[in-house]
J.: 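Below you will find the structure I want to go over with you.
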Protein chains: 2
Amino acid sequence: MFASLPASTIIYSPGRHKADQEAMPLSSSGTCIAKSASPIDNGYLRGRLDGVGSSVEVAKGQEIVGQGDRADSCFEVIHGCVRTLQRLEDGRSQVSEFLLPGDIFGLDASGEHEFAAEAVTAATIRRVRLCTIDLLTREDAAFEQDLRHHLCYQIKAARRRLVALGRMTAAEKIAGFLLEMSGRLDASEQGAVKLPMCRGDIADYLGLTIETVSRCMTDLKRRNVISLHGSLIAILDRRLLATKETLH
Amino acid sequence: MFASLPASTIIYSPGRHKADQEAMPLSSSGTCIAKSASPIDNGYLRGRLDGVGSSVEVAKGQEIVGQGDRADSCFEVIHGCVRTLQRLEDGRSQVSEFLLPGDIFGLDASGEHEFAAEAVTAATIRRVRLCTIDLLTREDAAFEQDLRHHLCYQIKAARRRLVALGRMTAAEKIAGFLLEMSGRLDASEQGAVKLPMCRGDIADYLGLTIETVSRCMTDLKRRNVISLHGSLIAILDRRLLATKETLH
DNA sequence: CGCTATCTTGAGAAAGATCAACTATTGTGG
DNA sequence: CCACAATAGTTGATCTTTCTCAAGATAGCG
């Protein structure tokens, strides 16, 4: 996620540490302008679980996995949208990911799930036992490699989100989110996408409040960067959204 | 990371979605109080790379991997402390992890490293080619499994940090950080640990400013929850640190 | 068509950031 | 071993962003 944040914002700059210049060059590129990895490359396991497991229908809002549930299965979203999240006892919650058709979750679990999974919309999901995954991994070298790539991608995606949550402003978070979603969701004729999740989910994904999410979006609309009618959103000026357009 | 945050704060609570109650129970535990996974279980690969690769000495502050470097190697910290981080062009930076002896980084890379790695202190690191890892994975089923567990742990660790960055207050972040570090670093006789990283690194790890880190720590000291003299820190009241002691 | 959810908007409060000294610690050369 | 410079850490005053609380507007659903 957030792979589609402005590539130009990620760049090596001299550290604040004096010792930076010392000793032998271990990194192959000393001072190098880096760009983020390609936006959408988490399809390593796409189609790999076809035919295994059993599919289930879940209603909007229904819990698929509870925090603390025994982790014996992983899931692939066939249709609809799912969120993984952790809830704190005081009501705060943090969404880890939004999962769309083809996305898999719960692969990383061992022991018990630390994050719950809930249906954002009515959804169809395929449940696959982790022992099946184990088996596939042992017997199919190509699957093993794809699985490994998939896990590595999850790590990178989570770390990208760390940067967003730790160091981005509300406006930047929203911009990154809209770019991410417009890349992952199917756009209609007019280039608009229907966000499956509500403002509250977006807020919990970005570490903001509902009100801040709403205000930032309204602001982008006012400046003609996006158009929005409820959950229907179109990006009008991708350039501006992806650039440092320090709103306000 | 943050595995040692108050387990009691992580709990399932009824969602805000009306539809929560609907349909069949897919999750084995409906309403369940979940606790976080065991604090320190990232040792899956500990010792597995002994004998492979070559070790290198790096000076304090030296860059080991640059943002955008070709990802052909991973690294194990033998001695010292390393940080992985991403720098934005405007100077903001986000530390992803602090790595201590036995910890491995760069395993998740493919293509190019999105995060830089820099020595927090003078350090000894072992460099292992990723093709060597590939080879080991293919030839040693036990290694493959350990590697997979390791990657899964990294995912969970990153997601735990997502909760901290997105939904915790400055005081909670600091408390969680101190608990994490006191668990990972060797304590002296008096139970004190010497933090290898400076306040700026801590700030970049937690998404705060240096000043806020300093203030929170001073506050904890004033309330006799910790003792601190520069980078030497001892936890005096672990209970209080791990509980909702909403400072301020 | 009305009810409920969700979303938007405004005003005030608060957490944390910023700017600016000032203090302490560490490391170095005389 | 001390003095000094450099780095790191603390503290205070003020400002900004985001949150909170509250009300009103919209939209979706039965």
J.: Report, as a single string ordered 5' to 3', how protein heavy atoms within less than 4.0 Å touch nucleotides 19-29 of chain D: B base, S sugar-phosphate only, - not at all.
T.: SBB--------

J.: Taking O4'-C1'-N9-C4 for purines and O4'-C1'-N1-C2 for pyrimidines, is dA5(C) syn (within 90° of 0) or anti?
T.: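 What dA5(C) shows is a syn base, its glycosidic angle lying within 90° of 0.
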
J.: Measure from CG on Leu232(A) to C1' on dT6(C) and round the result to the nearest Å.
T.: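 Rounded to whole Å, this separation is 16 Å.
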
J.: Flag the pair Asp219(A) and Arg223(A) as a salt bridge only when some basic side-chain nitrogen lies within less than 4.0 angstrom of an acidic carboxylate oxygen.
T.: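 Looking at Arg223(A) together with Asp219(A), the answer is yes, because their closest N to O distance falls below 4.0 Å.
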
J.: Categorize Thr218(B) for me: base, sugar-phosphate, or nothing, with a 4.0 angstrom heavy-atom threshold over every strand shown.
T.: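 The residue Thr218(B) makes sugar-phosphate contact but no base contact.
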
J.: Compare the minimum distances between each of dG9(D), dT11(D), dT18(D) and the side chain of Arg222(B), then state the nucleotide with the smallest one.
T.: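 Nearest to the side-chain atoms of Arg222(B), counting from C-beta on, is dT11(D).
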
J.: Expressed in angstrom and rounded to an integer, what is the separation of Arg199(B) atom CZ from dA17(C) atom C1'?
T.: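 Checked: the CZ to C1' distance equals 18 Å.
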
J.: Would Gln86(B) and Arg92(B) count as a side-chain hydrogen bond (donor to acceptor under 3.5 Å, both in side chains) here? Give the steps.
T.: CA-CA 9 Å; Gln86(B) 195 168 94; Arg92(B) 289 179 290 183; over 6 Å; no

J.: Given atom CD1 of Ile174(A) and atom C1' of dT8(C), what is their separation to the nearest angstrom?
T.: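 Result: 14 Å.
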
J.: May I ask which nucleotide in the shown strands pairs with dA5(C), Watson-Crick or G-U wobble, both distances under 3.5 Å?
T.: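 Answer to the pairing question: none, since dA5(C) forms no Watson-Crick or G-U pair.
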
J.: Under the 3.5 angstrom rule, does the side chain of Arg87(B) hit a backbone N or O of Ser93(B) as a donor-acceptor pair?
T.: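 No; judged by distance alone, with no hydrogens or angles, the pair does not exist.
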
J.: For Glu114(B) and Arg160(A), work out which heavy atoms get closest and say how close.
T.: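 So the two residues come closest at OE2-NH2, 2.6 Å.
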
J.: Rounded off to whole Å, could you give me the CG-to-C1' distance for the Asp219(B) and dG16(C) pair?
T.: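 So the two atoms are 14 Å apart, to the nearest Å.
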
J.: In whole angstrom, give the distance that lies between atom CD of Glu172(A) and atom C1' of dT18(D).
T.: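 Going from CD in Glu172(A) over to C1' in dT18(D) covers 14 Å.
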
J.: From CG of Asp204(A) over to P of dT18(D), roughly how many Å is that when rounded to an integer?
T.: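 The distance from CG of Asp204(A) to P of dT18(D) comes to 17 Å, rounded to the nearest Å.
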
J.: Does Leu228(B) reach a base, just sugar-phosphate, or nothing at all? Heavy atoms under 4.0 Å.
T.: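 Answer is sugar-phosphate: Leu228(B) comes under 4.0 Å of backbone atoms only.
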
J.: Salt-bridged, Glu76(B) to Arg127(B), with N to O below 4.0 Å?
T.: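 Looking at Glu76(B) and Arg127(B), the cut-off is not met.
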
J.: Below 4.0 angstrom, N of the basic side chain to O of the carboxylate: do Asp204(A) and Arg83(A) qualify?
T.: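 No salt bridge links Asp204(A) with Arg83(A).
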
J.: Does the structure show a Watson-Crick or G-U wobble partner for dT26(D), both distances under 3.5 Å? Name it, or say none.
T.: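 For dT26(D), the partner nucleotide comes out as none, under the 3.5 Å rule.
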
J.: Does NZ or CZ of Arg161(A) come closer than 6.0 Å to the centre of the six-membered ring of Tyr205(A), within 45° of the ring's axis?
T.: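 Yes, cation above the ring, under 6.0 Å and within 45°.
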
J.: What is the distance from CE of Met197(B) to P of dG9(D), rounded to the nearest Å?
T.: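 Distance check: Met197(B) CE to dG9(D) P gives 11 Å.
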
J.: In whole angstrom, what separates Lys173(A)'s NZ from dT17(D)'s C1'?
T.: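 The answer, rounded to whole Å, is 11 Å.
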
